[in-house]
Amino acid sequence: MLEELRREVCAANLLLPKLGLVNFTWGNVSGIDREKNLFVIKPSGVEYEKLTPENMVVVNLRGETVEGTLRPSSDTLTHMVLYNEFPSLGGIVHVHSPWATAFAQAGVDLEPLGTTHADTFYRAVPVTAPLTEAEIQTAYEENTGKAIVRTFRERKIDPDAVPAVLARQHGPFAWGKSPAKAVEVAKTLELVAEMNYHTLQLTRADVRLPQFLLDKHYFRKHGANAYYGQQNRG
């Protein structure tokens with residue numbers, strides 16, 4: 001079942017250690033088939049060098065395993081909530097990459113300080129509110145997803161324009177149209193977090209991008225008249 005998607009998700013998971021986004025088994029990638037309402041995700045706690053398309057786990061949008069002999073990632077229910085609430089998502093990544101995780105632990109939004117940020121994120125990447133003790137004890141992973149959704153709705157953030165979030169006291173989640181694209185966003189997020197950290201060590205001035213420069217860089221890649229890359233050439 002979903003052999004091609006299994007291959008895509010496995011390949012995307014294998015990119016995580018290659019890109020320096022994970023240590024040990026601290027991360028996972030999933031990808032969804034919207035026609036079948038099923039998603040494929042990394043098995044829990046399995047070393048990356050042991051991953052194969054065959055040991056990826058197929059899960060439905062209720063969080064139930066449909067196919068696979070291994071337990072799915074412990075973050076499966078967070079992925080489930082995001083797929084249910086954000087229908088444009090095709091792939092999701094969760095990692096504990098150190099720079100982005102530092103911002104999540106500090107409870108600091110990742111503000112647009114430079115054009116590297118603006119090429120992918122149209123506004124600040126937000127930090128969620130911390131979960132309550134009751135939320136952690138009852139349905140921790142599901143409530144993590146709900147906190148992400150609540151943050152985007154309360155702050156009126158478009159998840160397509162800001163394809164990442166910092167889960168407070170936890171770490172980053174990123175997403176895209178495909179598992180591979182979600183990994184690209186996660187790596188971009190990590191690089192931006194590192195750049196922001198160093199920028200904020202060098203100055204206490206307000207160095208946020210002016211809106212016109214943010215608009216220029218974001219829309220030249222993502223707007224109706226985007227001209228970055230080769231996609232519009234004959």
Side-chain angles (χ1 to χ4, degrees), residues 9 12-13 16 21-22 26-32 34 37 39-42 44 59-63 72-112 117 120-179 181-190 192-193 196:
V9 171
N13 274 285
L16 297 182
L21 287 170
V22 296
W26 303 347
N28 46 76
V29 183
S30 69
I32 191 168
R34 288 289 180 182
N37 287 325
F39 65 95
V40 174
I41 195 166
K42 176 185 179 289
S44 179
V59 181
N60 64 26
L61 288 176
R62 296 185 298 278
S73 166
S74 58
D75 297 300
T76 294
L77 295 184
T78 307
H79 290 240
M80 176 199 73
V81 170
L82 296 179
Y83 282 130
N84 277 309
E85 298 294 336
F86 297 154
S88 63
L89 273 57
I92 298 171
V93 176
H94 171 54
V95 291
H96 290 254
S97 54
W99 295 103
T101 299
F103 278 81
Q105 292 177 170
V108 176
D109 287 357
L110 203 60
E111 295 282 355
H117 182 121
T120 299
F121 310 107
Y122 187 49
R123 52 186 289 189
V125 177
V127 179
T128 68
L131 298 183
T132 65
E133 183 177 359
E135 287 174 321
I136 290 170
Q137 291 182 346
T138 53
Y140 173 51
E141 291 82 7
E142 185 173 357
N143 284 329
T144 297
K146 290 179 178 178
I148 293 169
V149 172
R150 186 163 58 246
T151 297
F152 275 67
R153 288 183 174 165
E154 289 177 352
R155 295 173 63 169
K156 296 180 173 58
I157 302 172
D158 179 355
D160 293 331
V162 183
V165 69
L166 304 171
R168 183 74 178 270
Q169 301 167 336
H170 189 174
F173 287 80
W175 48 82
K177 297 296 185 183
S178 68
K181 182 62 179 177
V183 172
E184 180 184 331
V185 173
K187 181 62 177 181
T188 302
L189 181 73
E190 179 67 359
V192 168
N196 277 24

Drop me the distance from [X]'s [atom1] to [Y]'s [atom2], to the nearest 0.5 angstrom.
{"X": "Ile41", "Y": "Ile32", "atom1": "CD1", "atom2": "CD1", "value": "11.0 Å"}
{"X": "His170", "Y": "Asp75", "atom1": "NE2", "atom2": "CG", "value": "5.0 Å"}
{"X": "Arg62", "Y": "Leu77", "atom1": "CZ", "atom2": "CG", "value": "12.5 Å"}
{"X": "Lys187", "Y": "Thr120", "atom1": "NZ", "atom2": "OG1", "value": "13.5 Å"}

Donor-acceptor contacts under 3.5 Å from residues 141-150 side chains, at least two apart:
residue	atom	partner	partner atom	Å
Asn143	ND2	Glu135	O	2.9
Asn143	ND2	Ala139	O	3.2
Thr144	OG1	Tyr140	O	2.9

**Pro126 side chain near Phe152 side chain, heavy-atom distance below 4.5 Å** = yes
**Prompt:** Are the side chains of Val125 and His117 in touch, meaning some heavy atoms are under 4.5 Å apart?
**Reply:**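 Yes, close enough: below the 4.5 Å cut-off.
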If you compare all heavy atoms of [X] against all heavy atoms of [Y], which two are closest, and at what distance to 0.1 Å?
{"X": "Ala124", "Y": "Val162", "answer": "O-CG1, 3.8 Å"}
{"X": "Ala12", "Y": "Val29", "answer": "CB-CG1, 3.7 Å"}
{"X": "Gly90", "Y": "Pro179", "answer": "O-CD, 4.0 Å"}
{"X": "Thr151", "Y": "Val127", "answer": "CG2-O, 4.1 Å"}
{"X": "Leu189", "Y": "Pro172", "answer": "CD2-CB, 3.5 Å"}

Taking only distance into account, with no hydrogens and no angle test, what donor-acceptor pairs under 3.5 Å do side-chain atoms of residues 79-89 form with protein atoms, sequence neighbours excluded?
residue	atom	partner	partner atom	Å
His79	ND1	Ser30	OG	2.7
His79	NE2	Asn28	OD1	2.7
Tyr83	OH	Ser30	O	3.3
Tyr83	OH	Ser30	OG	2.7
Tyr83	OH	Gly31	N	3.4
Tyr83	OH	Ile92	N	3.4
Asn84	ND2	Leu61	O	2.9
Asn84	ND2	Met80	O	3.0
Glu85	OE1	Arg153	NH2	2.6
Ser88	OG	Asp160	OD1	2.5
Ser88	OG	Asp160	OD2	3.3

**Request:** List for me each residue that meets side chain to side chain contact (heavy atoms under 4.5 Å, CB included) alongside Ala161, sequence neighbours excluded, and say none if there are none.
**Result:** Tyr122, Asp158, Tyr218
**Message:** For Trp175 and Phe39, I'd like to know if the aromatic rings sit close, meaning centre-to-centre distance below 6.0 Å.
**Reply:** no
Would you give me the side-chain donor-acceptor pairs under 3.5 Å for residues 95-105, sequence neighbours excluded?
residue	atom	partner	partner atom	Å
His96	NE2	His94	NE2	3.2
Ser97	OG	Glu190	OE1	2.8
Thr101	OG1	Ser97	O	2.7

**Non-neighbouring partners of Arg34 that pass salt bridge (Lys or Arg N to Asp or Glu O under 4.0 Å), sequence neighbours left out** = none
**Item:** salt bridge (Lys or Arg N to Asp or Glu O under 4.0 Å) involving Glu111 - partner list, sequence neighbours excluded
**Value:**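 Salt bridge (Lys or Arg N to Asp or Glu O under 4.0 Å) list for Glu111, sorted by chain: empty.
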**Request:** Run the salt-bridge test on Glu184 and Lys181 with the 4.0 Å N-O cut-off and return the result as yes or no.
**Result:**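 Counted as a salt bridge, because a side-chain N and a carboxylate O are separated by less than 4.0 Å.
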